Amino acid sequence: MGLGGCIILIAVGAILTFATDWDMQGVNLDLVGVIFMIVGLIGVATFSSIARRRRVVMPSTTPVVEERPHTHTRDGYHNGYGA
């Protein structure tokens, strides 16, 4: 679940808790809304900690090897024969 899904959970939970007056038998929609908001907040916290960990750039420990350009002494046209 990404950041967008977490924000949607928070919004749906707030709507169920504060903006509705529906009564369902056996289901407390206020409690369901609060649970959605808590799960959304946990998701946002988890997502932000993972995103912060991904941004850390570690310097490489492997040495950089520079290659010298290979120079040909002979090629197919100037090989010393008939040139």
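In this text the structure is predicted, and so the values were computed from the model without any measurement.
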Going from [atom1] on [X] to [atom2] on [Y], what distance comes out if it is rounded to the nearest 0.5 angstrom?
X	Y	atom1	atom2	result
Ile35	Leu9	CD1	CG	12.0 Å
Phe36	Leu29	CZ	CG	9.5 Å
Ile15	Thr20	CD1	OG1	9.0 Å

What one should report as the nearest heavy-atom pair of Thr17 and Met37 is OG1-CE, 3.6 Å
Contacts of Asp30 meeting side chain to side chain contact (heavy atoms under 4.5 Å, CB included) (sequence neighbours excluded), chain-then-number -> Asn28
Residue set satisfying side chain to side chain contact (heavy atoms under 4.5 Å, CB included) with Ile42, at least two apart, ordered chain then number -> Ile38, Thr46
